[in-house]
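Computed over heavy atoms, backbone and side chain alike; hydrogens, waters and symmetry mates excluded.
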Amino acid sequence: MLSGRRREMTPPLPEWRQFVLESPPIEHIRDPSPMTVVTRFAPSPTGFLHIGGARTALFNWLFARHHGGIFHLRIEDTDRVRSTEAAIEAIIDGMKWLELGWDGEIVFQFARAPRHAAVVQELLAAGKAYPCYCSVEELEEMRKAAMAAGKPMKYDGRWRDRDPGDAPAGVKPVIRLKAPQSGETVVADGVQGEVRVANEQLDDMVLLRSDGTPTYMLSVVVDDHDMGITHVIRGDDHLTNTFRQRQIYDAMGWEAPHFSHIPLIHGPDGAKLSKRHGALGVEAYREMGYLPEALRNYLLRLGWAHGDDEIISTAQAIEWFDLPGIGRSPSRFDFAKLDNLNGHYLRQATDADLAGEVARRLGRAGDAAALALLARAMPGLKTRAKNLKELAENAAFYIQARPLALTDKAQAMLTAPEAKALLPRLMAAYEAEGEWLAGKLEERARAFAETEGLKLGAVAQPLRAALTGSTQSPPIFEVMEILGKAESLGRIGDTMV
RNA sequence: GUCCCCAUCGUCUAGUGGCCUAGGACACCAGCCUCUCACGUUGGUAACACGGGUUCAAAUCCCGUUGGGGACGCCA
């Protein structure tokens with residue numbers, strides 16, 4: 001494993017750069033203890049950390065934490081064209097926001113390319129790999145012909161046993177694995193069970209590109225082996241890749257890790273997740289006002305179950321998480337359920353934390369007075385919002401400067417003759433109030449309504465419009481207490497000009 | 001085209017042959033609470049894709065059909 005000592009020696013560079021500088025690419029970092037569970041999350045930095053990746057990361061993290069093991073983050077940046085630093089940062093920010101901490105330094109796959117190439121040299125020396133000089137045109141023809149003939153689309157192995165002397169001049173070969181041509185390859189999957197495929201279906205995969213860089217198929221195997229990964233938990237889309245990877249493990253005589261392929265997440269329409277529905281980066285969920293603990297709980301329940309339990313704290317999840325609990329069928333992303341869960345965690349959050357978040361969203365981060373006011377208002381506010389964005393919108397009236405902006409409905413209510421007649425007298429009654437407490441204020445409103453021959457609602461609604469600028473708000477007498485006498489009377493007065 | 005995987009209420013799921021006239025949660029509908037909107041609470045609608053087997057007994061096991069998904073790159 002990666003040692004803690006190395007971390008202390010690292011220069012003050014961005015955390016995610018450290019491994020690149022510190023790690024000698026050709027080095028075995030296999031954990032000496034075979035009993036320790038080691039998992040990893042290995043995204044490719046070609047985009048943000050999307051929701052499916054976040055769930056994969058969560059499962060790996062939970063599994064490692066459950067077993068007191070190690071969880072690594074590995075950036076699969078071997079595609080130099082599509083990998084970007086912005087994507088790397090987005091992934092790291094996403095992991096941090098979700099509070100999925102990794103152990104050791106981040107492993108950058110591209111930095112280990114020399115090690116990957118060295119493994120291929122071993123394979124070549126052992127006669128388990130060979131150079132192939134096929135052109136992309138030839139390959140394309142092969143695929144077309146195979147499809148037309150109703151056969152699997154694969155490379156036909158024409159350079160497998162050919163004399164290297166036949167090599168066309170000036171062509172750099174790729175290196176392919178000399179894969180078994182008969183029999184079958186079996187994978188015992190932790191989720192899908194035993195899965196097998198006939199080796200005739202598989203072709204001799206490319207290990208090293210003609211420019212000498214390793215392919216994904218090779219890199220994952222070498223890195224997972226070198227990092228001592230014991231359990232690979234990843235998306236279902238890798239299930240068929242596993243057969244090929246298995247062949248590399250076998251060729252090297254390495255023990256393969258235990259695989260678990262979790263079903264993919266689909267959009268609400270059952271189709272592949274697109275940007276239209278859930279395939280947003282986790283930062284988009286943060287922006288929408290979802291809490292990391294809510295998202296974790298939601299993602300956990302999407303594809304994993306522990307009986308009828310729905311609300312599962314992270315501590316509880318670590319205690320309970322296991323492979324048998326993972327479902328085998330794909331699931332759809334459902335914002336309604338996420339909203340419900342988020343509402344739950346929102347109500348659970350402390351008023352101070354919420355006030356801070358709201359103040360930030362309203363551009364009043366450092367405003368101590370606003371913070372204090374919001375914190376006091378939070379109990380009434382947090383049952384009425386399902387996310388932080390909504391919470392901030394609903395809280396805005398508390399800290400807005402007079403005169404208040406009014407919604408159309410509030411405006412209509414205040415311009416109605418009944419209200420115009422009512423408010424001045426009600427205001428006069430409140431000016432006499434000495435104890436500015438919700439209970440007292442309500443008593444006074446009730447008494448006032450009775451003498452006027454009105455229902456309480458007929459008094460409370462205009463009051464609400466005047467004090468909050470809206471027809472919906474927390475209990476209005478609670479609002480008055482929090483706002484204070486001066487501000488309350490001021491707002492009522494504003495409606496009479 | 002070839003191979004692989006999947007299939008319980010609208011959605012997430014419980015269920016590992018009898019405890020299931022299928023349970024929970026979200027959503028939805030109705031009631032209660034109530035100064036609005038929420039929260040909370042009570043109740044309700046709603047599913048084992050289809051067809052064959054195996055068995056005394058099948059949502060659960062087997063086969064097929066249909067439907068969905070995934071993989072077949074010198075992408076990851």
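Within 4.0 Å of A/Thr78, counting heavy atoms only, lie sugar-phosphate atoms of the nucleic acid but no base atom. The residue A/Ser331 sits close only to the backbone: its heavy atoms come under 4.0 Å of sugar-phosphate atoms, none of a base. Within 4.0 Å of A/Cys132, counting heavy atoms only, lies no atom of the nucleic acid at all. Note on A/Gly303: only backbone sugar-phosphate atoms sit closer than 4.0 angstrom, heavy atoms only; bases stay farther off.
Which of B/rG73, B/rC35, B/rG69 sits closest to the side chain of A/Arg143 comes down to B/rG73. Checked against B/rA76, B/rC35, B/rC74, the side chain of A/Arg464 finds its nearest nucleotide in B/rC35.
Base pairing annotation: B/rA58 forms no Watson-Crick or G-U wobble pair, as no partner gives both donor-acceptor distances under 3.5 Å. B/rC72 and B/rG1 make up a base pair, with Watson-Crick or G-U wobble contacts both under 3.5 Å. Nucleotide B/rG67: paired with B/rC6 (Watson-Crick or G-U wobble, both distances less than 3.5 Å). Within the shown strands, B/rG31 is the pairing partner of B/rU41 under the Watson-Crick or G-U definition, both distances less than 3.5 Å. Summarising the base pairing, B/rU11 is matched to B/rA25 through a Watson-Crick or G-U wobble pair whose two defining distances lie under 3.5 Å. With a 3.5 Å ceiling on both atom-pair distances, B/rC19 lacks any Watson-Crick or G-U wobble partner.
Positionally, the nearest nucleotide of RNA chain B for A/Leu456 lies more toward the 5' end than for the other of A/Tyr216 and A/Leu456.
Considering every non-hydrogen atom in both A/Leu207 and A/Ile248, the closest pair reads CD1-CD1, 3.9 Å.
A salt bridge links A/Arg74 with A/Asp224: the distance from a Lys NZ or Arg NE/NH1/NH2 to an Asp or Glu carboxylate oxygen falls below 4.0 Å. At a threshold of 4.0 Å, the pair A/Lys382-A/Asp351 counts as salt-bridged, since one of the basic side-chain nitrogens sits closer than that to a carboxylate oxygen. Checked for salt-bridge contact, A/Arg40 and A/Asp223 miss the test: no charged N lies under 4.0 Å from a carboxylate O. Ion pairing of A/Arg444 with A/Glu442 is absent here, as no side-chain N (NZ or NE/NH1/NH2) approaches a carboxylate O to less than 4.0 Å. Contact check on A/Lys389 versus A/Glu393 returns a salt bridge, with a Lys/Arg side-chain nitrogen under 4.0 Å from an Asp/Glu carboxylate oxygen. Under a 4.0 Å N-O distance rule, the pair A/Arg158/A/Glu138 qualifies as a salt bridge. For A/Lys144 and A/Glu141, the salt-bridge test fails: no basic side-chain N is under 4.0 Å from an acidic carboxylate O.
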- Task: Spell out protein contact along nucleotides 15-33 of chain B as letters: B when the base is contacted, S when just the sugar-phosphate is, - when no protein heavy atom is under 4.0 Å; keep the 5' to 3' order.
- Result: --------BBBSS------

- Contact pattern, 5' to 3', of nucleotides 1-9 of chain B - B, S or - by protein heavy atom under 4.0 Å: BSSSSSS--

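Between B/rA30 and B/rU45, the two C1' atoms lie 11 Å apart (nearest whole Å). Nucleotides B/rA7 and B/rG15 place their P atoms 13 Å apart, quoted to the nearest Å. Here the separation of B/rA25 from B/rA14, taken at their C1' atoms, is 11 Å to the nearest Å. Between the P atoms of B/rA46 and B/rC9, the separation comes to 14 Å (whole Å). Comparing the same atom, P, in B/rA27 and in B/rC39 gives a spacing of 8 Å after rounding to whole Å. Taking atom P in both B/rA49 and B/rA38, one finds a spacing of 37 Å when rounded to whole Å. Separation of the P atoms belonging to B/rG24 and B/rC6 is 28 Å when rounded to the nearest angstrom.
With sequence neighbours left out, A/His306 forms a ring pair (Phe, Tyr, Trp, His ring centres under 6.0 Å) with A/Trp320. Annotation: ring pair (Phe, Tyr, Trp, His ring centres under 6.0 Å) contacts of A/Tyr298 (sequence neighbours excluded): A/Phe333. The ring pair (Phe, Tyr, Trp, His ring centres under 6.0 Å) check on A/Tyr133 picks up A/Trp159, with sequence neighbours excluded. A/Phe59 is linked by a ring pair (Phe, Tyr, Trp, His ring centres under 6.0 Å) to A/Phe321, counting only residues two or more places apart in sequence or in another chain. Listed by chain and number, the residues in a side-chain hydrogen bond (donor to acceptor under 3.5 Å, both in side chains) with A/Tyr345 are A/Asn297 (sequence neighbours excluded).
As a whole-Å value, the separation of A/Met217 CE from B/rA71 P is 11 Å. Rounded to whole angstrom, the span from the CG atom of A/Asp223 across to the P atom of B/rA76 amounts to 12 Å. Atom P of nucleotide B/rU11 and atom OH of A/Tyr298 are separated by 12 Å, given to the nearest angstrom. Counting to the nearest Å, the P atom of B/rG73 and the CG atom of A/Leu218 are 17 Å from each other. In this structure, the OH atom of A/Tyr155 is 24 Å from the P atom of B/rA71, given to the nearest Å.
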Could you list the donor-acceptor pairs under 3.5 angstrom formed by side chains in residues 451-471 of chain A, with sequence neighbours left out?
unit_1: A/Thr451; atom_1: OG1; unit_2: A/Ala447; atom_2: O; d: 3.3
unit_1: A/Thr451; atom_1: OG1; unit_2: A/Phe448; atom_2: O; d: 2.8
unit_1: A/Glu452; atom_1: OE1; unit_2: A/Arg425; atom_2: NH1; d: 2.7
unit_1: A/Glu452; atom_1: OE2; unit_2: A/Arg425; atom_2: NH1; d: 2.6
unit_1: A/Gln461; atom_1: OE1; unit_2: A/Arg464; atom_2: NH1; d: 2.6
unit_1: A/Gln461; atom_1: NE2; unit_2: A/Thr471; atom_2: O; d: 3.4
unit_1: A/Arg464; atom_1: NE; unit_2: A/Ser473; atom_2: OG; d: 2.8
unit_1: A/Arg464; atom_1: NH2; unit_2: A/Pro474; atom_2: O; d: 3.3
unit_1: A/Thr468; atom_1: OG1; unit_2: A/Arg464; atom_2: O; d: 2.7
unit_1: A/Thr468; atom_1: OG1; unit_2: A/Ser470; atom_2: N; d: 3.1
unit_1: A/Thr468; atom_1: OG1; unit_2: A/Ser470; atom_2: O; d: 3.2
unit_1: A/Ser470; atom_1: OG; unit_2: A/Gln472; atom_2: N; d: 3.0
unit_1: A/Ser470; atom_1: OG; unit_2: A/Gln472; atom_2: O; d: 3.1

Restricting to nitrogen or oxygen on both sides, can you table the protein-nucleotides 38-40 of chain B pairs closer than 3.5 Å?
unit_1: B/rA38; atom_1: O2'; unit_2: A/Thr383; atom_2: O; d: 2.3
unit_1: B/rA38; atom_1: N3; unit_2: A/Thr383; atom_2: OG1; d: 3.4
unit_1: B/rC39; atom_1: O3'; unit_2: A/Arg347; atom_2: NH1; d: 3.3
unit_1: B/rG40; atom_1: OP1; unit_2: A/Arg347; atom_2: NH1; d: 3.2

Below 3.5 Å is the cut-off: list the nitrogen or oxygen pairs between protein and nucleotides 41-46 of chain B, distance only.
none

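Ring centroids of A/Phe63 and A/His231 are separated by less than 6.0 Å, placing the two rings close together.
No more than 12 heavy atoms of other residues, nucleotides or ligands sit less than 6.0 Å from atom NZ of A/Lys440.
For the segment residues 467-476 of chain A, the set of residues with a heavy atom within less than 4.0 Å of an atom of RNA chain B comprises A/Thr471, A/Gln472, A/Ser473, A/Pro474, A/Pro475, A/Ile476, in numerical order. Only A/Arg176, listed by number, bring a heavy atom of residues 176-190 of chain A to less than 4.0 angstrom from any atom of RNA chain B.
For A/Asn241 against B/rA76, a side-chain N or O and a base N or O form a donor-acceptor pair under 3.5 Å.
Annotation: side chain of A/Leu346 is in contact with side chain of A/Leu354 (closest heavy-atom distance under 4.5 Å).
Using a 4.0 Å cut-off, no side-chain N or O of A/Arg82 falls inside it from OP1 or OP2 of B/rA76.
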- Step-by-step side-chain contact (heavy atoms from CB on, under 4.5 Å) determination, A/Thr213 to A/His116: CA-CA 8 Å; A/Thr213 59; A/His116 303 153; over 6 Å; no

